[in-house]
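These notes are about the structure you will find just below.
Only this structure's heavy atoms are used, side chains among them; waters, hydrogens and symmetry mates stay out. Along the sequence shown, residues are numbered consecutively beginning with 1.
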Amino acid sequence: MKTTIGLASASPRRRELLSLLQQPFELVQGEVNECLLPNEAALDYVQRLARNKAEAGLAACAGRMPVLGADTIVVIDDQVLGKPRDQDDFRRMMHLLSGRIHQVHTAVALVFKGQLLQHLVSTRVHFCVLSDQMISEYWHSGEPADKAGGYGIQGIGGRFVVSLEGSYSAVVGLPLYETDLLLQQMEEAL
């Protein structure tokens, strides 16, 4: 029987993906400052957030179960694109991504009994050229508001993706293969 874990995420997409692994879990929430630190590299940033979310979740559940944290960022031209602040910020992001290849980095961290297991998955995503009308229609769909980089590959935003090289599930928010490996390592260590 698999160990029940805590999932330190409010993302419905992460819940759906973790369920695909047939992993029993409970939602746990802790407060995490998600600000990029001065001079912090994108890969360090996403790994720190995943680790901090897992640790905050572990504190919130008083250590009674292992906790999984994850974070996803979109990077282009060495810029981290978070969730759009407003429509203008969204338009700026879409114009940056239009017709180009960007990186999506997802870090996953699992903490339990003083141990930390972590994976980082990077995927290259190629967008089609986006017209102003496509950008406007997508914004008004409501989908981009809470998505890193302003789009959801699993939704309407998937129509912009010409190709990807890497993990589709990592772009959605939780790399299934790597997360399953972490869970197996945890079970062996418990």
Side-chain angles (χ1 to χ4, degrees), residues 8-18 31-54 56 68-109 118-179:
S9 178
S11 165
R13 293 160 298 280
R14 286 198 181 103
R15 290 194 299 265
E16 290 169 11
L17 288 166
L18 187 56
E31 289 297 314
V32 173
N33 180 346
E34 296 193 25
C35 291
L36 182 67
L37 300 175
N39 302 313
E40 186 173 29
L43 297 181
D44 294 336
Y45 171 62
V46 73
Q47 291 178 95
R48 176 178 61 83
L49 287 184
R51 184 178 60 250
N52 288 356
K53 288 177 180 183
L68 183 75
D71 198 74
T72 301
I73 59 170
V74 172
V75 178
I76 192 164
D77 298 335
D78 295 322
Q79 289 182 62
V80 174
L81 304 182
K83 297 173 184 176
R85 292 183 302 275
D86 53 30
Q87 187 174 4
D88 289 339
D89 192 37
F90 166 75
R91 285 182 186 283
R92 177 188 67 81
M93 290 180 189
M94 291 299 103
H95 284 290
L96 278 172
L97 299 175
S98 178
R100 300 181 61 204
I101 293 171
H102 61 275
Q103 303 286 325
V104 178
H105 304 290
T106 298
V108 182
Q118 198 162 15
H119 266 294
L120 174 67
V121 178
S122 298
T123 303
R124 291 167 45 95
V125 180
H126 181 193
F127 257 31
C128 67
V129 174
L130 302 173
S131 68
D132 287 337
Q133 180 178 345
M134 292 166 74
I135 292 170
S136 180
E137 287 173 0
Y138 187 45
W139 174 258
H140 290 292
S141 76
E143 185 177 273
D146 70 337
K147 309 284 190 296
Y151 76 95
I153 195 170
Q154 73 285 356
I156 300 165
R159 72 181 191 172
F160 305 143
V161 178
V162 174
S163 64
L164 68 83
E165 181 182 330
S167 170
Y168 172 83
S169 62
V171 178
V172 177
L174 190 71
L176 290 175
Y177 175 75
E178 292 79 4
T179 301

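- Remark: the backbone N or O of Leu176 is paired with a side-chain donor or acceptor of Ser169 at under 3.5 angstrom.
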Show your reasoning for whether side chain to side chain contact (heavy atoms under 4.5 Å, CB included) applies to Ile153 and Leu164. CA-CA 10 Å; Ile153 195 170; Leu164 68 83; 3.6 Å; yes
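- Residues that satisfy the side-chain contact (heavy atoms from CB on, under 4.5 Å) test with Ser131, not counting sequence neighbours, are Gln133, Met134.
- Separating the CD atom in Gln118 from the CZ atom in Arg51 is a distance of 5.5 Å, to the nearest 0.5 Å.
- In this structure, Leu96 CG and Ile76 CD1 are separated by 6.0 Å, a value rounded to the nearest 0.5 Å.
- Applying the salt bridge (Lys or Arg N to Asp or Glu O under 4.0 Å) rule to Asp88 yields no partners; only residues at least two apart in sequence or on another chain are considered.
- Taking the side-chain contact (heavy atoms from CB on, under 4.5 Å) definition, one finds that Ile156 meets it with Tyr138, Ser141, Glu143, Arg159, sequence neighbours left out.
- From Met94, atom CE reaches atom CG of Leu130 across 7.0 Å, with rounding to the nearest 0.5 Å.
- Between atom OH of residue Tyr177 and atom OG of residue Ser167 there is a gap of 11.5 Å, rounded to the nearest 0.5 Å.
- Note that OG1 of Thr106 is 8.0 Å distant from CG of Leu174, once rounded to the nearest 0.5 Å.
- For the atom pair CD1 of Ile101 and CZ of Arg124, the computed distance is 4.5 Å after rounding to the nearest 0.5 Å.
- Shown here are the side-chain hydrogen bond (donor to acceptor under 3.5 Å, both in side chains) partners of Gln87, two or more places apart in sequence or in another chain: there are none.
- By the side-chain contact (heavy atoms from CB on, under 4.5 Å) test, Glu178 is found to be paired with His119, Val121, Pro175, residues two or more places apart in sequence or in another chain being considered.
- Arg14 places no side-chain N or O within 3.5 Å of a backbone atom of Ser9 that could act as its donor or acceptor partner.
- By the side-chain hydrogen bond (donor to acceptor under 3.5 Å, both in side chains) test, Thr123 is found to be paired with no residue, residues two or more places apart in sequence or in another chain being considered.
- Contact annotation: the side chain of Asp132 approaches that of His95 to within less than 4.5 Å [non-hydrogen atoms, C-beta and beyond].
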Evaluate Lys83 against Lys147 for side chain to side chain contact (heavy atoms under 4.5 Å, CB included), listing each step before the verdict. CA-CA 5 Å; Lys83 297 173 184 176; Lys147 309 284 190 296; 5.9 Å; no
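- Taking all atoms of both residues into account, the shortest heavy-atom contact from Ala50 to Ala107 is CB-O, 3.4 Å.
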Taking distance alone, no hydrogens or angles, what donor-acceptor pairs closer than 3.5 Å link side-chain atoms of residues 31-44 to residues at least two apart or in another chain?
{"unit_1": "Asn33", "atom_1": "OD1", "unit_2": "Cys35", "atom_2": "N", "d": "2.8"}
{"unit_1": "Glu40", "atom_1": "OE1", "unit_2": "Leu37", "atom_2": "N", "d": "3.0"}
{"unit_1": "Glu40", "atom_1": "OE1", "unit_2": "Arg48", "atom_2": "NH2", "d": "2.9"}
{"unit_1": "Glu40", "atom_1": "OE2", "unit_2": "Arg48", "atom_2": "NE", "d": "2.7"}

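- Among residues two or more places apart in sequence or in another chain, the side-chain hydrogen bond (donor to acceptor under 3.5 Å, both in side chains) test is passed with Lys53 by Asp71.
- The aromatic rings of Trp139 and Phe90 sit tilted, their planes meeting at an angle between 30° and 60°.
- Every residue meeting the salt bridge (Lys or Arg N to Asp or Glu O under 4.0 Å) condition with Arg13, not counting sequence neighbours, appears here in chain and number order: Asp146.
- Residues satisfying the side-chain hydrogen bond (donor to acceptor under 3.5 Å, both in side chains) criterion with Ser11, sequence neighbours excluded, are absent altogether.
- Between Val162 and Phe127 the shortest side-chain heavy-atom distance does not fall below 4.5 Å.
- The side-chain contact (heavy atoms from CB on, under 4.5 Å) search around Asp89 returns Pro84, Arg85, Asp86, Arg92, Met93, not counting sequence neighbours.
- Tyr45 meets the ring-ring contact (aromatic ring centres under 6.0 Å, His included) test with no other residue; sequence neighbours excluded.
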